[in-house]
Enquirer: 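After the structure tokens below, expect a handful of questions from me.
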Amino acid sequence: MFILPFALLTLTFFILPAIATVWMSFTDLDVKMKPNFIGLENYIRIFQDYSLGEILQNTIVYAVASLGFVLLLSLIIAISTQYFMKGKTVATGYRVLWLIPSLFPSVVFAIFWKYIFDPTENGFLNKIGMHLGAVDEPVSWITRYAMPIVILGTVVGSVSSNVILLSSSINSIPEDLYKAARVDGAGEKSIILKIILPTLRWPLMYITITTLIGFVSSYFFIMLLTDGGPMHDSTTLALYSYQQAFQLKYYGYGAAISMFVVVIALALTLVLLRLFDFDALVQPSRIEE
Amino acid sequence: MNKKVVSAMCAILAVSMLGMTACGQDGDSTVDSKNQDGKKEITITVRKNEWGGRAYAFEEAAVRLNDELEANGENVTVTIDFWPAIDDDELVLQGQAGNIADVTLNSSVDIGWEYDAGLIQPIDWVADSEVFQGASESIMNIMYYDGHYMGVIQDMDASPVFISRKALEGLGWSAEEIDGLREKVDNGEFIMSDLMETAQQAMEQGLADIGFAVEDTRFEGWTMSAGYNNYNLEENKLVVNEKAKDVYKFWEKGVEMGVIKESIGEVDTDTAAPMMINQEIFATFARSEFYRILADNMEMKITDQEFQDWFDENIVWTPVPASEKGGQPSSYSNPAMLFVGSSVDEEKMPYVQRYLELMLSPDIQVNHTVNSGKLPVTPAAMEEVVETLPFYADHYYMTEFTKVRPAHPDYAVLIEAYTLGVDAILTKGQTADEAYDLYVKDAKQNVPSDRIIFE
């Protein structure tokens, strides 16, 4: 009975919209709001879409590169601040510094990046570049390097929450374990590889799966920063789905693309669960046996 | 205990659903009731857009309507129920939920899809409305779609090219030549290629960093200038033909000459205004509203004499030049329209009509012009502008040949395809032919085949 209100909320705001999206994907629903059942036509259209290859490639590049950099940076920051500089004020300060980007709403964050890469002389990077004589005239950064800039912005904005998670895991490792390892002659490299990283396996799996799904299905930041341009250079599947549904008002086709995104996210999750050997992770510990 | 909790939950759910049902009926019908004075009360629901002078217009028209009703001795009071303005997506969803306001404001390009979605209704009384007596044919045409008048135009603009006067002076043009430029453009003596060459010279001599800035890469002024008409009014279908290649050739040439930079799409009017003030841009292709944006950037109002003097000393404007000698210049606008919701019945319509007509009172329009930089839309309002705002009075003649985006429901899809071609030239170094092929490919894929003609 206590979960009834939450069950109702879940039904209303998650399950029903999901069912509606599945239903929409089999219709020609557009702005007229008079849907006709068209079977698999929208799904067939996805595979006939000449831009699908490029958009799929963008999605993979964006999700994998962002995930790679996020994991690497999160690990480096967490290990540096929670192992090498443990207990020092500067470590806490550094972690807080990385927390700042996640405190800003996406709109503000996008405006910040737009200022950095503004194509006029007033842009931060152009101003610096011209002042130092590195560039003769203002460079149109976003036009030339849309995807790397989108990845950069995404990585900076996504690192902080993962750092917190990894830091708390590292913090849970007893100091005695490090001391015992050092007594046995283990160097820092061995401690990181043999003690810290194995401890982080569970949080790393959680971060990898949730972050990757987030990147595959996210579009808002890209929309604000480049709107998928120039051409389709930074358009991902999720953004393409949004553009079809809400900018061009082809709701049925947009829903079909979003279902395609769901299938990809689901497949990735299953692959990652297998890679991290999820079954072994959730088995009871040997102590309990 | 459990039964009580279940009952309470059911009661809450039932009340919520009843509440939602009641909300859904708000905009459905005329509210007929009598107030304390025994007067019949009519409620008009209005989605209130507050940009420029619109908030004042919506409120003041309501006051004037009731004053008028009282003066005429009519036993009616009109109450305006203001709803917040919302985006197109929400408009569709609210419409589905039955929340269709009696009056909404959107762009003229939205007529097609709003009509298709059943959100608005034709209002053919516009043809005989006193406020549009003497209005130009082009203004009347803006409101006309699929055999009916579909809304009331609220504001509009023309698309003057704002050219740096100082750059022209730097190139050695005399004051007489500069002041006579507009006439040459009007006569088709000075055409787009001349403007491009002049921009190139100005850049070469260090008189400007950027040749052309444009409000948007889809800028229809250039499409029109190149003679590409992407809409067939008779058949109500979009059109793709080889003339589009001429538009792409213009872009290609502009890039080759260096007057169009790859960042042109990122330098919108808000960015261009301070650069224009600092003489960094040779010419900005914008709309009437750019005059107000310039004033805002100088922390002045368009009514300030100081601003008007600065403008005359630093900027000269012309319509968008023709592409061929002897051709007619072009001008483009994206006017705002007041639409009447599909649920407004015959009984309420006269009051809605009068309300909209009063919104177009000359002084209300002038107030909007001052605050928005847009052109007034009726001859009576224009007469009031002549003395106070010479810039608007001077370029009002452009409304006679100003064209608007087609109100076709799939126009946004076509333009998406068109701008892909532009981006291909700007960022990938593709030729006009390649850009055109991409345009055709994308339009064929995305615009439903029964709504487009490939010639």
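So you know, we letter chains A, B, ... as the sequences are listed, proteins then strands, and number each from 1.
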Enquirer: If only atom types and distance count, is the side chain of B:Q94 paired as donor or acceptor with the main-chain N or O of B:A101 below 3.5 Å?
Expert: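 The answer is no, because no donor-acceptor pair under 3.5 Å joins these two groups.
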Enquirer: In terms of heavy-atom pairs under 4.5 Å with chain A, which of B:E262, B:K261, B:M275 leads?
Expert: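 Ranked by contacts with chain A, first place is B:E262.
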Enquirer: Considering only heavy atoms, which portion of A:Q48 lies under 4.5 Å from any heavy atom of chain B: side chain, backbone, both, or neither?
Expert: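 Backbone only.
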Enquirer: If you count every heavy atom of other residues, nucleotides or ligands that lies below 6.0 Å from A:L132 atom CG, does the total exceed 12?
Expert: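 Counting other residues, nucleotides and ligands, CG of A:L132 exceeds 12 neighbours.
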Enquirer: Within 45° of the six-membered ring axis of B:Y418 and under 6.0 Å from that ring's centre, is NZ or CZ of B:R218 located there?
Expert: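 No, B:R218 does not lie over the aromatic ring of B:Y418.
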Enquirer: State whether the number of non-hydrogen atoms from other residues, nucleotides or ligands found under 6.0 Å of B:Y231 atom OH is greater than 12.
Expert: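 Yes, because the 6.0 Å sphere around OH of B:Y231 holds more than 12 heavy atoms from other groups.
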Enquirer: Taking side chain as everything from C-beta outward and backbone as N, CA, C, O, which of these in A:Y250 sits under 4.5 Å from a heavy atom of chain B? Side chain, backbone, both or neither.
Expert: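 Contact with chain B involves the side chain of A:Y250 alone.
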Enquirer: Between B:D88 and B:N106, do the side chains contain a donor N or O and an acceptor N or O under 3.5 Å apart?
Expert: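 B:N106 vs B:D88: donor-acceptor pair found between side chains.
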Enquirer: At a heavy-atom separation under 4.5 Å, does A:D49 approach chain B through its side chain, its backbone, both, or neither?
Expert: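 Both backbone and side chain.
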Enquirer: Checking heavy atoms, do the side chain of A:T120, its backbone, both or neither come under 4.5 Å from chain B?
Expert: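 The side chain, not the backbone.
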Enquirer: Considering only heavy atoms, which portion of A:K114 lies under 4.5 Å from any heavy atom of chain B: side chain, backbone, both, or neither?
Expert: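 Interface part for A:K114: neither.
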Enquirer: Side chain, backbone, both or neither: which part of B:N446 has an atom under 4.5 Å from a heavy atom of chain A?
Expert: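 Its backbone and side chain both get close to chain A.
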Enquirer: Give, as side chain, backbone, both or neither, the part of B:T419 having an atom under 4.5 angstrom from any heavy atom of chain A.
Expert: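 When you check distances to chain A, no heavy atom of B:T419 falls under 4.5 Å.
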Enquirer: Tell me, yes or no, whether the heavy-atom count around A:Q247 atom CD, taken from other residues, nucleotides or ligands under 6.0 Å, exceeds 12.
Expert: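 Yes, CD of A:Q247 has more than 12 neighbouring heavy atoms, counting only those of other groups under 6.0 Å.
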